Protein chains: 2
Amino acid sequence: MKQSYHHHNLKEALIEEAIAFLEKQPYESITIRGLTNLLKVSRTAVYRHFSSKEELFQAVILRGFERLKEKIEKVYKNPSLTIEEKIAKIGESYIAYALDFPELYRLMFGDKLKQLREESCEIQNSDNQCAFDILVALVVDAQKENIFVEVNPMEQAVAIWALIHGQASLLIDGHPMILEQKERLIKTGLSMIMKGFKPTSTLT
Amino acid sequence: MKQSYHHHNLKEALIEEAIAFLEKQPYESITIRGLTNLLKVSRTAVYRHFSSKEELFQAVILRGFERLKEKIEKVYKNPSLTIEEKIAKIGESYIAYALDFPELYRLMFGDKLKQLREESCEIQNSDNQCAFDILVALVVDAQKENIFVEVNPMEQAVAIWALIHGQASLLIDGHPMILEQKERLIKTGLSMIMKGFKPTSTLT
DNA sequence: ACCTGAACACCGTTCAAGT
DNA sequence: ACCTGAACACCGTTCAAGT
């Protein structure tokens, strides 16, 4: 079992352990010494797989985006859901993810190394989409069914993303009062999206 | 001139210099040695005014919130603006502030010491309001003039705040593409707020 | 209300030398 | 593909002793 680290598992084990650490302490206070001690390897072993602490956590961030994308994709590809339900459920899933892994989420959307974030889509299989691309596709669907007014889908997608991301951020880092009202806030946000983009609402 | 630091200005100078540093480098890479070298004081002089680096930056965060509040308050109290204009202009000002001082903004809304953030209102003069309170007041005004549907003003205020904050975050840390579309994104976000909350839009 | 200078514990990272 | 052990530069912070 310990032998396994000697062959091909250490890289993976480091990423998984780093994610586990992030659930208990912030990025800044995680040390390579602490990580390696827990994995029972030497501190220098990290440098066989990553050139620096930062590069290790780039891999962690990438993993975080992959998982978020999988979660969202699962909702998008669920054939039993209407488009309205998908929009609602993707928002909920997204926010749930942020609340489940707050420090990982902070790292993903913080400012530590954005170069990699731009790559993060191309790294994946060529038939895959970014989490954002899924949202854009959903907006296009909504426009086709006349649920959303027909403007540039990217703009609507970014606005929705900003709202959800903002809600997630405020729930994680904001005033405790906000967290108490979680359910109602999600509902209000959703109603803001739906009625705001609905073409029948344009009689002033 | 140098004498002034010996009397009462060092605390203030440290805060101002720290904010200036934040415009050029991230919080993590700012060192107390670098700060004090530039101010021509000894490294240990900081501890006459702050018990730690963290406490110094708590003061910086507080200053950041004060300035943001002033900026928003100025718009709110401008009698020549309609409520719609105020909503639009507060959003723009807020986002402009985040783009002008990205690292300060990250610090303000990151997770470094939220204890102080909860105090940040009470520390100010008793006749003052939080930036958020101003937004709530504006929402109440909008409800009175029938621009917004009458639900709990807090919920609408948080939803708006989340959207603006999310936009600011994505503009600062997101894909460069988003920054290029800044003007249109702000416009789309505003339209999402207005039409979404507008009571006349409720015919499905 | 500052100064100097030395020291401490703790980092990430490097290197030499092993298996 | 790991190990040990020593070392380096750089932190925040503390302390003793000054003015």
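Chain letters run A, B, ... following the sequence lines, proteins first and then strands; every chain starts at 1. Only this structure's heavy atoms are used, side chains among them; waters, hydrogens and symmetry mates stay out. As the structure is a computational prediction, the values presented were derived from the model and not from experiment.
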Peer 1: Just checking, A:K86 and A:Y76: is the charged tip under 6.0 Å from the six-membered ring centre and within 45° of the axis?
Peer 2: yes
Peer 1: Please state whether the rings of A:F109 and A:H165 are parallel, tilted or perpendicular, taking 30° and 60° as the class boundaries.
Peer 2: tilted
Peer 1: Grab the CD1-P distance between B:I32 and C:dC3 for me, whole Å please.
Peer 2: 13 Å
Peer 1: Let me know the distance between NZ of A:K53 and C1' of C:dT13, rounded to the nearest Å.
Peer 2: 12 Å
Peer 1: Atom CD of A:E28 to atom P of D:dG12: distance rounded to whole Å?
Peer 2: 13 Å
Peer 1: Find the distance A:R48:CZ to C:dT13:P and express it as a whole number of Å.
Peer 2: 15 Å
Peer 1: Can you work out whether A:K11 or B:T31 has the more 5'-proximal nearest nucleotide on DNA chain D?
Peer 2: A:K11
Peer 1: How do A:R43 and B:Y47 order along DNA chain D: which one's closest nucleotide is nearer the 5' end?
Peer 2: A:R43
Peer 1: Compute the centroid of each ring, for A:F65 and then for A:Y105, and state whether the two points are separated by less than 6.0 Å.
Peer 2: no
Peer 1: Between A:E103 and A:Q25, does the side-chain hydrogen bond (donor to acceptor under 3.5 Å, both in side chains) criterion hold? Intermediate values first, please.
Peer 2: CA-CA 8 Å; A:E103 188 64 22; A:Q25 50 184 310; over 6 Å; no
Peer 1: What is the separation between atom NE2 on B:H49 and atom C1' on D:dT13, rounded to the nearest whole Å?
Peer 2: 17 Å
Peer 1: Whom does D:dT19 pair with, Watson-Crick or G-U wobble, provided both distances fall under 3.5 Å?
Peer 2: C:dA1
Peer 1: Round to the nearest Å and state the distance from A:Q25 atom CD to C:dC10 atom P.
Peer 2: 15 Å
Peer 1: Can you tell me, in whole Å, how much space there is between the C1' of C:dC10 and that of D:dC8?
Peer 2: 14 Å
Peer 1: In whole Å, what is the span from the CD atom of B:E55 to the P atom of D:dT13?
Peer 2: 10 Å
Peer 1: May I have the distance from A:R33 (atom CZ) to C:dG12 (atom P), rounded to whole angstrom?
Peer 2: 6 Å
Peer 1: Starting at the 5' end of DNA chain C, which residue's closest nucleotide do you reach first, A:T44 or B:S42?
Peer 2: B:S42
Peer 1: B:I30 near the nucleic acid: base, sugar-phosphate alone, or nothing, with a heavy-atom cut-off under 4.0 Å?
Peer 2: sugar-phosphate
Peer 1: What is the pairing partner of C:dA7, taking Watson-Crick or G-U wobble pairs with both distances under 3.5 Å in any strand?
Peer 2: D:dT13
Peer 1: Do B:K53's NZ or CZ and the ring of B:Y27 fall within the cation-pi criteria of under 6.0 Å and 45°?
Peer 2: yes
